[in-house]
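A short worksheet on the structure shown next.
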Amino acid sequence: MSDKSEFFITRDQNIYEVVIGLEVHAQVTSNSKLFSSSSTKFGAEPNTQVSLVDAAFPGMLPVINEFCVKQAIKTGIGLKAKINNKSVFDRKNYFYADLPQGYQISQYKYPIVGEGMVTLDMPEGQKKVGIERLHLEQDAGKSIHDIDPNSTLVDLNRSGVALMEIVSKPDLRSPDEVNSYIKKLRSIMRYLGTCDGNMQEGSLRADVNVSVRKKGSKDLGTRCEIKNVNSIKFMQMAIIYEANRQVDLIEDGKKIDQETRLFDTKKNETRSMRSKEDAHDYRYFPDPDLLPLEIDDEYINKIKLEIPELPDEKKKRFIDKFNLTPYEATILVSDIETSKYFEEVIKDSDVKLSTNWITGELFALLNEKGLDISDSPISSKNLSKLVNFIKDGTISGKIAKTIFEIMAEKDEDPEKIINEKGLKQESNPEELEKLIDQILNDNQDKVTEYKSGKDKLFGFFVGQAMKVSGGKANPKLLNEILKTKLTK
Ligand code: ADP
Ligand code: MG
């Protein structure tokens with residue numbers, strides 16, 4: 001399934017609609033954990049980044065990492081949300097082998113960030129999705145079931161890493177909107193540098209809440225929560241499966257149990273895990289080891305000054321200032337590195353032409369090589385030069401493609417390539433005239449045919465001239481001269 005998914009509810013999609021709310025877990029970009037100084041670096045040997053706090057040795061005390069708090073506030077500002085002056089860390093009690101404390105330190109009644117808003121750019125227009133809250137919490141360790149056939153192994157490297165749980169309102173209505181929402185969240189957090197959004201490494205994953213209801217109904221249906229889905233594609237597949245399952249149940253006169261389900265990616269189905277636990281099952285209470293978090297407005301305002309221009313604002317500026325279409329602006333701002341690259345290229349080059357080359361040739365090249373724009377084989381400086389050579393007529397668009405291919409292998413100055421390979425466009429009218437005279441002379445029969453009405457032969461002459469010039473004849477000039485000569 002690509003970005004564009006088709007959503008079908010088996011029985012009748014004109015009767016039902018699906019309602020979705022996401023709890024996104026975003027790993028905070030930080031060097032050390034939320035309450036300890038252990039490293040958060042991904043990919044280390046198991047259990048090499050575990051302090052006594054992370055392993056929950058008796059008597060150990062958590063100490064809050066101010067940087068993580070700042071990251072959460074930044075993210076809150078990026079979500080246009082209210083930052084709460086007071087928030088509280090609670091213990092969420094449950095037992096699991098990869099949770100040595102026997103509880104997770106999280107925030108419940110008093111989260112650090114309150115209500116906010118994310119704007120989605122859907123093909124049919126913009127759509128606002130409400131944010132319920134964002135809270136800080138610890139990640140758990142990782143249970144590994146597939147190394148030893150007789151036991152489960154536990155890696156505590158992740159234990160205690162800071163997560164932001166971003167809870168949306170039940171405002172999403174389709175797998176496409178979910179795709180767009182996750183990408184927008186990721187884009188905002190990457191702009192802010194608060195979460196790298198790397199889904200393969202588990203830095204961004206979500207619990208997906210799904211319910212269905214009759215269209216036009218104001219009441220929400222009973223939801224099921226699909227736990228810990230770590231790719232957009234799987235989220236979309238899980239939603240489609242789950243919506244169909246619920247509609248089938250309703251149509252069969254059965255009721256939906258509120259439960260927690262797992263998505264089996266191999267079978268493409270969701271399976272019941274447990275009936276949904278209620279908050280009181282966790283026996284939440286304020287962690288006595290941690291004071292409430294008090295943040296004054298001065299602190300928040302100082303952080304506000306560090307917030308860069310975010311995708312929505314950048315998009316608006318690109319449209320207003322550079323005359324880009326909303327579509328072009330959306331793709332150029334979706335990733336901060338792309339927007340930087342674009343702005344570097346257009347510093348001294350034509351905007352329209354640069355946009356076409358970036359979204360066309362360059363994106364195709366990066367796609368083919370599986371590279372991010374920050375690793376682009378062609379630097380913004382050299383692409384800008386190439387665009388200028390096209391614009392001022394030094395080279396044709398066709399020759400530019402040849403040069404682009406050479407640059408893709410080795411990031412070389414296009415000027416050097418043009419000179420070395422003698423690719424400069426022939427724009428000297430006298431030289432072109434000579435060349436055309438030669439061709440007309442060699443093909444007098446065709447000239448007669450052309451003059452007697454066979455207009456199509458014009459293309460033949462152009463082709464010949466291009467061939468003889470090695471593709472270097474300036475096409476505009478060539479056309480002009482040819483026309484004058486042939487009408488004589
Ligand atoms: P819990 O911890 O019990 O899952 P949260 O408040 O953390 O509760 O998250 C609830 C999530 O479920 C939110 O994202 C909310 O938008 C979503 N949600 C609530 N009711 C429904 C519903 N009827 N259908 C779909 N999603 C829902
Ligand atoms: Mg939940």
Side-chain angles (χ1 to χ4, degrees), residues 7 9 16-26 72 79 81 84 87-94 96 103-118 120 127-140 163-175 177-178 180-182 184-185 204-229 235-236 238-247 249-250 255-263 270 272-284:
F7 174 61
I9 289 184
Y16 289 96
E17 73 173 349
V18 63
V19 173
I20 308 149
L22 295 186
E23 296 158 76
V24 168
H25 297 266
L79 301 177
N84 291 324
S87 63
V88 174
F89 286 104
D90 290 299
R91 289 188 181 179
K92 181 179 182 181
N93 298 282
Y94 66 96
Y96 208 72
Y103 58 84
Q104 177 192 30
I105 304 179
S106 180
Q107 297 186 307
Y108 178 53
K109 265 198 189 133
Y110 306 102
I112 183 163
V113 175
E115 292 189 329
M117 187 73 80
V118 170
L120 310 186
K127 150 131 193 179
K128 307 265 185 213
V129 176
I131 298 293
E132 179 74 43
R133 66 171 196 275
L134 175 157
H135 66 250
L136 273 170
E137 63 183 24
Q138 305 173 293
D139 205 349
L163 299 179
M164 297 179 281
E165 178 167 332
I166 303 167
V167 182
S168 83
K169 305 224 174 202
D171 287 348
L172 296 156
R173 292 289 175 273
S174 70
E177 288 185 3
V178 167
S180 179
Y181 173 73
I182 295 282
K184 193 57 175 281
L185 268 190
L204 194 70
R205 44 196 205 266
D207 299 342
V208 183
N209 295 273
V210 179
S211 66
V212 295
R213 66 178 174 193
K214 291 255 165 79
K215 272 199 171 156
S217 159
K218 287 271 167 283
D219 301 327
L220 290 172
T222 305
R223 71 175 152 129
C224 286
E225 179 185 28
I226 308 151
K227 274 277 171 204
N228 220 5
V229 191
M235 289 177 202
Q236 295 184 311
I239 290 163
I240 292 171
Y241 176 87
E242 187 58 24
N244 281 303
R245 187 187 72 86
Q246 293 182 15
V247 168
L249 280 173
I250 294 171
K255 83 179 216 326
I256 291 150
D257 295 323
Q258 182 167 335
E259 57 183 4
T260 300
R261 299 178 71 87
L262 271 187
F263 183 60
T270 64
S272 179
M273 207 169 124
R274 53 177 189 247
S275 72
K276 171 78 187 157
E277 62 290 320
D278 282 316
H280 62 248
D281 295 328
Y282 288 117
R283 304 288 190 270
Y284 277 101

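Both ligands and their constituent atoms are indexed starting at 1 by order of listing.
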Q) Would one find an N or O of Glu23, backbone or side chain, under 3.5 Å from an N or O of ligand 1? A) yes
Q: With heavy atoms only and a cut-off of under 4.0 Å, state how Glu225 meets ligand 1: side chain, backbone, both or neither.
A: side chain
Q.
As an exercise, identify every atom of ligand 1 less than 4.0 angstrom from a heavy atom of Lys169.
A. 16 (O)
Q) Does Tyr282 have Lys92 sitting over its ring (NZ/CZ under 6.0 Å from centre, angle to axis within 45°)? A) yes
(Q) Test your reading of the structure: does Gly221 have an N or O sitting under 3.5 Å from an N or O of ligand 1? (A) yes
Q.
Please confirm whether Arg133 approaches ligand 1 to less than 4.0 Å, judged on its heavy atoms.
A. yes
(Q) Between Glu17 and Lys214, does any NZ, NE, NH1 or NH2 come within less than 4.0 Å of an OD or OE carboxylate oxygen? (A) no
Q: Find all atoms of ligand 1 within a distance of less than 4.0 Å from any non-hydrogen atom belonging to Ser168, and give their numbers and elements.
A: 13 (C), 14 (O), 15 (C), 16 (O)
(Q) Taking 4.0 angstrom as the limit and counting only heavy atoms of Val167, give me the atoms of ligand 1 inside it, by number and element. (A) 9 (O), 13 (C), 14 (O)
**Q.** All side-chain contact (heavy atoms from CB on, under 4.5 Å) counterparts of Phe263, not counting sequence neighbours
**A.** Ile226, Phe234, Met237, Ala238, Thr265, Asn268, Thr270
Q. Do Glu242 side-chain atoms and Val210 backbone N/O form a donor-acceptor pair below 3.5 Å?
A. no
Q) Does Val210 reach ligand 1 with a nitrogen or oxygen that is under 3.5 Å from one of the ligand's nitrogen or oxygen atoms? A) no
Q) With sequence neighbours excluded, what pairs up with Phe89 under the ring pair (Phe, Tyr, Trp, His ring centres under 6.0 Å) test? A) Phe35
Q | Residue portion contacting ligand 1 (non-hydrogen atoms closer than 4.0 Å) for Leu22 | A | backbone
(Q) As a check for students: among Asn209, Val129, Val208, identify the option with a heavy atom nearest to atom 12 (O) of ligand 1. (A) Asn209
